[in-house]
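Have a look at the structure below before the remarks.
Chain identifiers are assigned alphabetically (A, B, ...) following the order of the sequence lines, protein sequences preceding nucleic acid strands; residue numbering begins at 1 within each chain.
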Amino acid sequence: MPEGPSIVILKELTEQFVGKKILEAGGSAKIDMSLLEGQMIVAIRTWGKHYLICLKDVTVRIHLMLFGSYRINEERDANPRLSLKFKKGSLNFYACSVKLIEDDLDDVYDWSADIMSDKWSATSAKKKLKAHPDMLACDALLDQEIFSGSGNIIKCEVLWRVRLHPLTPVGNLPAAKLTELIKETRHYAFDFLEWKKQFVLRKHWAVYSKKKCPRCHIPVIKEVMGKTKRRTFYCNNCQLIYE
DNA sequence: CCGGTTGTTCAGCG
DNA sequence: GCGCTGAACAACCG
């Protein structure tokens with residue numbers, strides 16, 4: 001169950017298959033499995049929540065959505081959407097979206113939008129936010145064209161960290177605050193990555209699914225918000241709205 | 001035990 | 001063609 005950092009972990013766990021040949025490809029995904037069989041994995045890449053298995057002429061795009069799961073070198077008691085078998089080991093995906101990308105990935109993906117990428121560009125994010133001044137902060141942090149890889153947890157935690165009310169239109173943010181929001185999104189994503197690796201992510205949540213604000217010790221508000229209509233946890237005292 | 005959800009896509013409608 | 005809404009999908013946790 002994935003936000004960007006979780007997909008980076010998946011990439012790291014599966015880099016053992018780079019340079020390996022797919023001996024058998026199966027599963028319930030409606031793709032032409034014969035395009036994968038006999039092919040070598042050239043690279044494993046990610047773009048936000050997209051997990052990309054790159055072959056010579058085609059890329060397999062896996063999106064785990066809300067309920068997807070995977071097993072490496074083992075299987076679950078469920079039908080896989082995609083199952084890749086190698087001489088040694090296997091890679092299995094369940095309840096996820098599987099698509100083939102035939103185009104050049106550089107034409108499909110704006111790498112500078114990926115909050116986990118080396119190519120991430122805060123300047124580019126700022127430009128996009130400035131182009132949508134009416135967009136609410138809670139929606140901006142879920143916009144995959146701007147903050148690819150950010151999800152509902154990152155959204156809530158980042159807004160709390162920078163003391164920003166989720167309903168603030170991004171166009172109302174003072175320049176310094178806008179910069180801080182962008183910077184903290186990437187920063188928190190890497191904290192998320194480290195905590196997730198250590199299995200201590202939950203322990204570090206400040207507002208997400210929490211009852212009380214750790215700063216103010218007053219009840220955290222839980223509300224469905226924005227165009228994205230997602231649950232948002234926030235503190236009405238220390239997260240300021242700019243009007 | 002069941003309500004809720006770390007997400008996206010698409011049909012249908014005005 | 002547009003934006004908006006709700007449905008659909010799906011599996012596990014607390």
Side-chain angles (χ1 to χ4, degrees), chain A residues 1-13 27-31 46-52 60-71 74-83 92-101 108-110 113-116 131-132 134-161 166 169 184-212 220-234:
Chain A
M1 287 151 278
E3 297 194 20
S6 303
I7 303 303
V8 169
I9 291 171
L10 170 58
K11 168 183 147 77
E12 291 176 0
L13 292 173
S28 60
K30 290 181 180 35
I31 58 166
T46 65
W47 181 79
K49 300 165 189 169
H50 296 211
Y51 173 78
L52 304 164
V60 185
R61 192 211 79 170
I62 309 253
H63 198 306
L64 294 174
M65 315 294 281
L66 210 47
F67 306 117
S69 62
Y70 59 84
R71 291 292 186 276
E74 62 174 2
E75 288 171 34
R76 293 183 40 161
D77 186 21
N79 283 338
R81 280 286 159 74
L82 180 67
S83 171
N92 302 290
F93 296 94
Y94 308 86
C96 57
S97 151
V98 182
K99 283 185 181 168
L100 293 185
I101 302 176
V108 177
Y109 293 117
D110 169 9
D114 179 4
I115 58 173
M116 305 307 293
H132 302 284
D134 297 335
M135 186 184 271
L136 304 180
C138 62
D139 288 329
L141 279 162
L142 292 177
D143 189 315
Q144 300 301 298
E145 298 300 317
I146 306 175
F147 295 108
S148 172
S150 173
N152 210 31
I153 295 172
I154 294 179
K155 174 192 82 176
C156 295
E157 292 294 306
V158 168
L159 290 173
W160 181 83
R161 279 188 169 196
E184 193 53 40
T185 302
R186 178 163 166 94
H187 185 193
Y188 177 75
F190 280 87
D191 282 348
F192 184 126
L193 175 61
E194 283 315 307
W195 289 332
K196 180 94 184 171
K197 282 181 178 175
Q198 307 299 326
F199 306 101
V200 293
L201 178 64
R202 272 166 182 281
K203 198 176 85 178
H204 289 276
W205 286 341
V207 276
Y208 186 80
S209 87
K210 305 301 275 188
K211 291 267 181 287
K212 273 182 170 180
V220 161
I221 298 176
K222 174 172 117 182
E223 224 173 281
V224 171
M225 284 184 164
K227 207 182 269 190
T228 45
K229 295 212 174 78
R230 298 294 302 280
R231 227 167 42 129
T232 308
F233 294 88
Y234 69 102

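- When rounded to the nearest whole Å, the span between CD of A:Glu145 and P of B:dT9 equals 10 Å.
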Review item, nucleotides 9-11 of chain C N/O atoms under 3.5 Å of protein N/O:
residue: C:dA10; atom: OP1; partner: A:Arg81; partner atom: NH2; Å: 3.1

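- Ionic pairing of A:Asp191 and A:Arg161 is present here: one or more N-O contacts between side-chain nitrogen and carboxylate oxygen are shorter than 4.0 angstrom.
- Minimum atom distance to the side chain of A:Arg202 is reached by C:dG14, of the listed C:dT5, B:dG7, C:dG14.
- The separation of B:dC1 from C:dA10, taken at their P atoms, amounts to 24 Å, rounded to a whole angstrom.
- Spacing between atom CG of A:Leu66 and atom P of C:dC12 amounts to 12 Å, rounded to whole angstrom units.
- Atom NZ in A:Lys227 sits roughly 16 Å away from atom P in B:dT8 (whole-Å rounding).
- The A:Lys229 side chain lies nearest to C:dT5 when the options are C:dC4, C:dT5, B:dG7.
- Residues A:Ser148 and A:Asp114 bring no donor and acceptor atom of their side chains to less than 3.5 Å of each other.
- Computed from coordinates, the A:Lys99 NZ to B:dT8 P distance equals 12 Å when rounded to whole Å.
- Aromatic ring centres of A:Tyr51 and A:Phe93 lie closer together than 6.0 Å.
- The heavy-atom pair separating A:Ile7 from A:Pro2 by the smallest distance is CD1-CB, 3.3 Å.
- In summary, the side chains of A:Ser97 and A:Arg61 do present a donor paired with an acceptor at a separation below 3.5 Å, with no hydrogens or angles considered.
- For the pair A:Ile62 CD1 and B:dT8 P, the interatomic distance rounds to 15 Å; values are reported in whole Å.
- The base-pairing partner of B:dA11, taking Watson-Crick or G-U wobble contacts with both distances under 3.5 Å, is C:dT5.
- Closest approach of A:Cys96 to A:Ile62, counting heavy atoms only: SG-CG2, 3.9 Å.
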